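Note that the coordinates shown come from a computational prediction; the quantities given were computed from them, not determined experimentally.
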Amino acid sequence: MSARGRQLLNVGLGNFVVAARVIAVVNPASSPMRRLREDAKQEGRLVDATQGRKTRSLVIMDSNHVILSAVQAETMRQRFQEDDE
């Protein structure tokens with residue numbers, strides 16, 4: 001997908017981010033990731049793109065925002081690879 005020459009990454013449920021600004025896609029289950037999520041929430045940097053579904057991955061952006069996604073981290077990796085091809 002392209003929008004004005006920028007690749008977009010589908011983070012699920014009709015939500016997209018600019019792929020070039022993604023730093024990491026991580027599993028939310030570990031203690032450090034739970035702390036990261038809580039810190040982002042307290043500082044107003046958390047974006048919930050799950051639409052009420054279970055959080056299956058955290059997308060960390062270069063702007064220091066953390067995006068909650070209902071899509072598995074492995075699925076995101078596959079989407080990144082599809083965009084590269």
Side-chain angles (χ1 to χ4, degrees):
M1 277 176 245
S2 180
R4 295 184 186 171
R6 292 194 176 189
Q7 294 288 29
L8 298 178
L9 175 65
N10 183 348
V11 294
L13 307 169
N15 299 296
F16 298 86
V17 297
V18 177
R21 299 199 61 190
V22 173
I23 300 296
V25 179
V26 296
N27 186 324
S30 70
S31 292
M33 293 308 113
R34 283 190 291 242
R35 278 194 302 273
L36 177 73
R37 176 182 177 168
E38 193 56 39
D39 290 348
K41 183 177 182 180
Q42 289 177 355
E43 296 169 10
R45 298 181 288 109
L46 187 70
V47 178
D48 187 349
T50 64
Q51 296 182 1
R53 291 177 173 82
K54 181 179 178 183
T55 299
R56 300 214 165 142
S57 64
L58 301 178
V59 182
I60 303 167
M61 306 298 290
D62 64 355
S63 63
N64 214 19
H65 284 84
V66 176
I67 300 171
L68 305 181
S69 175
V71 176
Q72 293 278 1
E74 176 63 21
T75 303
M76 295 268 204
R77 182 192 62 79
Q78 291 171 351
R79 290 177 182 177
F80 261 119
Q81 284 182 327
E82 289 172 1
D83 285 348
D84 288 342
E85 295 172 356

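Residues V71 and V47 share a hydrophobic cluster, clusters being chains of Ile/Leu/Val/Met/Phe/Trp/Tyr side chains in contact below 4.5 Å. Linking ILVMFWY residues whenever their side-chain heavy atoms come closer than 4.5 Å, directly or via other members, places L68 and V26 in the same cluster. Residues F80 and V59 share a single hydrophobic cluster, defined by chaining ILVMFWY side chains whose heavy atoms lie under 4.5 Å apart. No continuous path of ILVMFWY side-chain contacts below 4.5 Å connects V66 to V11, so the two sit in separate hydrophobic clusters.
Taken from OG in S69 to NZ in K54, the straight-line distance is 13.0 Å, to the nearest 0.5 Å. Taken to the nearest 0.5 Å, the CZ atom of R56 stands 9.0 Å off from the OG1 atom of T75. Atom NZ of residue K41 and atom CG of residue D48 lie 9.0 Å apart, to the nearest 0.5 angstrom. To the nearest 0.5 Å, atoms CD (Q81) and CE (M76) are separated by 14.0 Å. The CD1 atom of I60 sits 11.5 Å away from the CG atom of D62 when rounded to the nearest 0.5 Å.
Proximity of M33 to N27: side-chain heavy atoms (C-beta onward) are nowhere separated by under 4.5 Å. For the pair V17/L8, no side-chain contact is recorded, criterion being any heavy-atom separation below 4.5 Å from C-beta on. Taking 4.5 Å as the limit, some side-chain heavy atom of M61 sits within range of a side-chain heavy atom of V22.
The main-chain N or O of N10 is found under 3.5 Å from a side-chain atom of R79 such that the two form a donor-acceptor pair. Checked by atom type and distance alone, the side chain of S57 never pairs as donor or acceptor with a backbone atom of V25 at under 3.5 Å. T50 places no side-chain N or O within 3.5 Å of a backbone atom of A70 that could act as its donor or acceptor partner. With R34 contributing its side chain and P28 its backbone, the two residues share no donor-acceptor pair below 3.5 Å. Here the side chain of N15 pairs a donor or acceptor atom with the backbone of G12 at under 3.5 angstrom.
A salt bridge links E74 with R77: at least one charged nitrogen is closer than 4.0 Å to a carboxylate oxygen.
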